[in-house]
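The structure appears right after this line, and notes come after that.
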Amino acid sequence: MSDTPMQVLTRPFAIEPVTNIMLPDGIFDNAIYGLRIAAHVTNMSGSPLTNVTVYLESVGDPGIAPVARTFFFASVPAGAAMLVMWDADFQHATPGKRLVSFVAKADGYTPRRSIQQIFVSQTRFDSSTNTYNCTVEEGTLELSKPQGHLPGKRWGSTGGDNKDCRCPPGFGPIVPTGMTLVWTPNPAYAGTHGELPFSDPWWKILAIIIAIIAALVAIIAAALGAGKASFSVGGTVEETDPSVHCCTPKGAASGKPEFTVAGVASAIASGAIVAACSDVADPFWRGQEATPPAAGELTLAERVVAKWVLPEAPNAGLPYTADISWQYDRFTTGASYQHAVSETQVNVHVAGPVETDSPPVVQAFEPLWLRASFRRDNGNVFRGTELYAFVLFQAPQGLFFVESLTDDGLGFDPGANDGVYAASLDLKRAYRTLLQFDQEVYGTWRVFVFAQDVNLTKPGTPPEIAAQHIGGMFVASAIEITFDDTLPCPLKAQANIIVV
């Protein structure tokens with residue numbers, strides 16, 4: 001028999017289970033102990049496969065402890081990519097690239113192994129200096145003097161007449177507007193350019209990891225209790241006007257959706273770092289190009305001091321701008337070099353409006369379902385493995401349920417890789433949970449849709465090219481961030497379903 005024609009073709013990515021969001025560029029950071037290893041396993045044949053099993057065989061770091069789980073699919077359509085996830089403990093993970101082995105088996109075939117790399121970083125906070133440090137094999141990025149728009153004073157109160165919308169106290173997103181970054185390469189290097197982190201993303205990705213980790217650890221601590229993260233998040237941010245406002249749905253008994261939405265808001269807000277510092281080449285790379293050291297000199301450290309102004313709040317999928325000024329300093333064994341730039345950058349992680357399809361009315365205990373299409377700014381649709389997406393189904397009295405949106409041709413999805421992503425909720429299962437909180441299944445359910453892009457760069461791509469491809473940025477979101485406190489609640493359901 002031949003090998004099962006199923007493989008993990010792209011790099012697995014990190015999902016934080018409390019908020020359900022993908023970490024920046026899918027990188028795993030051991031500041032958060034509990035993460036999910038998510039991957040797409042693809043049927044590479046032209047025919048459906050039956051009785052498919054998929055399991056995670058091993059991780060090339062004894063400090064990473066995944067929970068054993070085998071996924072079963074009665075049938076996998078031709079070309080379909082199935083989203084699979086394993087919970088894992090990263091508390092003792094070592095920073096660097098680590099190999100992960102997956103095994104797939106289908107009827108009529110022998111098992112087939114797929115080996116892919118994951119990226120692991122280590123973020124810590126030093127309360128004595130109020131600095132964050134993100135360490136990878138190639139060096140350490142220190143972040144200090146962060147500046148940003150802080151949550152508005154009305155955060156935590158119900159706004160206007162919309163009683164289903166409230167802002168969760170303490171979880172307001174901080175929109176970054178400046179910071180000082182110092183990169184210490186390991187080891188010191190000769191020549192113009194140092195080695196990129198993981199030989200893949202720009203240095204700015206480590207900065208956004210720090211920003212996201214700082215936000216997520218606070219959210220996790222609130223959701224699960226203290227002691228769930230390995231460092232303090234007691235750092236301070238210098239506030240710049242205006243303040244940030246956004247809202248989240250009321251009710252949090254199932255899946256604690258206020259933490260999901262708080263995580264989404266924080267990820268979108270932190271995306272301002274990516275937009276301001278450019279996907280084409282970030283300030284470190286451009287500063288290096290402008291300051292080639294003299295022959296024989298070794299670069300010991302590099303610094304970027306950046307500040308930017310956001311004319312409007314950052315939001316998922318929109319081409320918002322950032323007016324940025326930054327200065328790069330290179331410190332070598334023989335001299336110091338400087339390069340400064342002032343310019344306007346535009347968010348390139350843009351998308352068109354979300355198109356949804358759902359039944360207007362569903363009989364009690366039939367499944368709820370939603371189909372969604374996400375268009376790029378050029379009108380083409382995202383397909384298959386190009387997105388990590390999920391929905392929140394809100395019951396009539398406020399309870400929430402989180403479900404994945406997939407383009408795999410299963411369930412209510414009409415076809416694999418056709419650009420239509422589908423999610424469904426088993427109302428019989430949901431009803432048991434609703435009863436625990438004295439809530440009804442009957443009435444109007446609201447559905448909120450979220451999607452992040454995925455880094456699909458192929459292994460072996462030259463580092464300076466691979467670095468321009470960044471994943472984990474939200475391209476669709478039911479929540480909007482605003483600097484205008486007079487605007488109505490910006491949480492918007494993309495669909496409504498009546499259960500009778």
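All values below come from the heavy atoms of this structure, side chains included, with hydrogens, waters and symmetry mates left out.
At a threshold of 4.5 Å between non-hydrogen side-chain atoms, the residues P360 and I498 do not count as touching. Inter-residue side-chain proximity for L427 and L368 is flagged as met; some heavy-atom pair is nearer than 4.5 Å. Looking at P367 and D426, their side chains never come closer than 4.5 Å, going by heavy atoms from C-beta outward. Considering only heavy atoms from C-beta on, L399 comes within 4.5 Å of T433 through its side chain. Residues V52 and V54 meet the side-chain proximity criterion, which asks for heavy atoms closer than 4.5 Å.
The aromatic ring centres of W86 and F102 sit less than 6.0 Å apart. A distance below 6.0 Å separates the ring centres of Y132 and F125. In this structure, F382 has its ring center no closer than 6.0 Å to that of F374. Aromatic pair F401/F393: centroids not less than 6.0 angstrom apart.
Here the options are D282, D25, D279, the test is salt bridge (charged side-chain N to carboxylate O under 4.0 Å, His left out), and the partner is K204; only D279 passes. A salt bridge (charged side-chain N to carboxylate O under 4.0 Å, His left out) with R371 is found for one member of D357, D407, D413, D418 and no other, namely D357.
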Checklist entry - Given the rule in the side-chain hydrogen bond (donor to acceptor under 3.5 Å, both in side chains) test, do D453 and H349 qualify, once you have shown the distances and angles that lead to the verdict? => result CA-CA 8 Å; D453 52 15; H349 298 267; 2.9 Å; yes
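A distance-only check finds a donor-acceptor pair linking the side chain of Q397 to the backbone of E440 [under 3.5 Å].
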